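The next block holds one structure in the form of structure tokens; read it before the comments.
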Amino acid sequence: MSLTHLNTRGEAHMVDVADKSESQREAIASGHIVMQPATLALLSEGGLPKGDVLATARIAGIQAAKRTHELIPLCHALALSKVAVDFRLDEATSRVLVTATCRLNGRTGVEMEALTAVSVACLTLYDMCKAVDKDMQIGAIRLESKTGGKSGDYRRTADESEAPIVTSECRSGEVSVGLRAAIPCVRVKCLAELRERLGVSDLDVPFDSLDEQNVAGLKAALKARDDRFDQLDDARILCAVNQVMGGDATHLTADDEVAFFPPVTGG
Amino acid sequence: MIRVQHEPFDPGREQEALLRGRHDIGAVVSFTGLVRDFNERPEVEALTLEHYPGMTESALTAIVEEAESRWPLQGVRVIHRVGQLAPGDPIVLVMVASAHRRAAFEACDFIMDYLKTRAPFWKKEHTSSGQYWVSERASDQRDAERWEDS
């Protein structure tokens, strides 16, 4: 393994990509900014003095991806075919999760563009919110996945220390890549208080991992992943399959949506 | 008509819309639920309402259809707000029209009882001493059970 940006004399140089063949490239990067719960609440209500924070940060991230070559010395200027920046507000951990997806039909990877988009989106979130919170912390900026190109596909393996719950290769909600579409999954949602207690809102469970094709089987698969899912056995916790109330014996098929939630308190 | 929305609503305007051009309606009963500034703890400063998009609408539709099968109704409006609310804000509106008052009163009561125990909404209260998810009440469950034998 060698560093491609260094020549045989150890000097920095730009890689000549003219001879590489064009392929469909995609990279997804993620990061987060942790803030005070009150700041997050203001952000979600649109109550911050600088206005619409997420829309501004999204544009900043997209612009940054397009200008990566001006910031990172040995990056090529690329005509990206797609840049998407998404935000998820996570109350349980009081942070905004940022993901960026970049795509290109070309000769070079787009991971630097995705990482730059996430970095600048996080910096913009900091700038937009700093009037009310100076303790915000940006972290975990990293590549989630990369497809296309000679070096082959890359996917970050689930990081147990970072993620509150291991969600295997089928994690959804935060990132989505075409790689996983081939695996039939049951889509699990945890709502309201249960979501906050578990620190999980959406996750996909491979259908093949269920010993029994019903809700009881799904609970067993979830409990095998993390003890915290023992809470699903609490008699108060309700369950809906494809948005219709169900129970342990409710039969499941691949692509079903299963929601777990506490008793309702509307009205 | 069922709506789940962030925006406030105006019960007067909703009633006007429900009655416009109708001369067969003899009674309208409406219930508006408001955010109180005291509940499980005093000094409630705000309320966040979460729902389960898709299922919430279908649960409300099922409740209204059940009411229509029990009473002769001429129009029903259910509006439920979600998102961040402040004390005094309206949360929910149930408006029922019928030829006669008894059906309108009962159906409105029924829809609220079922909405509180069957529609997927969850409240979180923000108070000066912290925030917490509101617990379900046994009395709401008992109220809903009143309709089960009839």
Side-chain angles (χ1 to χ4, degrees), chain A residues 36-48 52-54 88-94 173 187-202 215 231 234-247 250 255-267, chain B residues 4 6 31-35 39-40 45-63 78 80-86 90-94 111-126 130-138 140-141 143-144:
Chain A
Q36 301 291 338
T39 313
L40 190 70
L42 273 177
L43 196 158
S44 71
E45 292 156 27
L48 285 157
D52 191 339
V53 174
L54 296 182
R88 193 162 73 79
L89 275 47
D90 186 17
E91 283 179 24
T93 56
S94 193
R187 289 167 288 126
V188 178
K189 283 177 175 294
C190 300
L191 303 174
E193 186 178 12
L194 185 67
R195 177 191 61 239
E196 291 191 357
R197 283 214 309 259
L198 293 171
V200 165
S201 68
D202 293 80
V215 172
Q231 296 182 43
D234 182 342
R236 284 177 69 239
I237 297 301
L238 307 172
C239 158
V241 175
N242 296 328
Q243 308 202 337
V244 175
M245 294 304 292
T250 306
D255 291 330
D256 277 349
E257 176 176 296
V258 181
F260 294 104
F261 46 82
V264 302
T265 56
Chain B
V4 177
H6 281 84
F31 171 84
T32 305
L34 306 172
V35 181
N39 191 28
E40 290 183 19
E45 291 164 352
L47 183 72
T48 315
L49 259 154
E50 176 173 329
H51 76 306
Y52 181 9
M55 184 172 173
T56 306
E57 289 82 353
S58 53
L60 292 175
T61 305
I63 293 167
V78 177
H80 203 299
R81 290 178 69 193
V82 292
Q84 186 102 9
L85 304 179
I91 309 177
V92 60
L93 175 73
V94 175
I111 291 171
M112 266 314 294
D113 283 346
Y114 269 39
L115 182 152
K116 284 191 86 78
T117 49
R118 298 184 177 200
F121 290 102
W122 299 273
K123 284 183 189 142
K124 189 183 202 180
E125 288 178 345
H126 306 256
Q131 46 178 282
Y132 52 87
W133 290 90
V134 173
S135 307
E136 71 277 20
R137 288 166 185 249
D140 287 335
Q141 204 61 47
D143 285 346

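Lettering of chains follows the sequences in order, A, B, ..., and the numbering in each one begins at 1. Note that the coordinates shown come from a computational prediction; the quantities given were computed from them, not determined experimentally.
- A/Arg195 touches chain B through its side chain: at least one heavy atom from C-beta onward sits under 4.5 Å away, while N, CA, C and O do not.
- The backbone N or O of B/Thr56 lies less than 3.5 Å from no partner atom in the side chain of A/Gln243, so there is not a single donor-acceptor pair.
- A pairwise comparison of heavy atoms in B/Trp122 and A/Pro262 identifies NE1-O, 2.9 Å as the closest pair.
- Looking at every heavy atom in both residues, A/Thr265 comes nearest to B/Val134 through CG2-O, 3.3 Å.
- Within a 6.0 Å radius of CZ in A/Arg236, more than 12 heavy atoms belonging to other residues, nucleotides or ligands are found.
- B/Lys116 and A/Val264 make their closest contact through O-CG2, 3.5 Å (heavy atoms, listed as atom of the first residue, atom of the second, distance).
- Rounded to the nearest 0.5 angstrom, A/Leu238 CG and B/Arg118 CZ are separated by 12.0 Å.
- Contact detail for B/Met55 and A/Met245: the closest heavy-atom pair is CE-SD, 3.4 Å.
- Interface summary for chain B: among A/Ala41, A/Ala240, A/Ala192, the most heavy-atom pairs under 4.5 angstrom belong to A/Ala192.
- Interface residue B/Pro53: only backbone heavy atoms are found under 4.5 Å from chain A.
- With chain A as partner, the option from B/Gly33, B/Gly54, B/Ala59 having the largest number of non-hydrogen pairs under 4.5 angstrom is B/Gly54.
- Side-chain atoms of B/Lys123 come within 3.5 Å of backbone N or O of A/Gly267 as a donor-acceptor pair.
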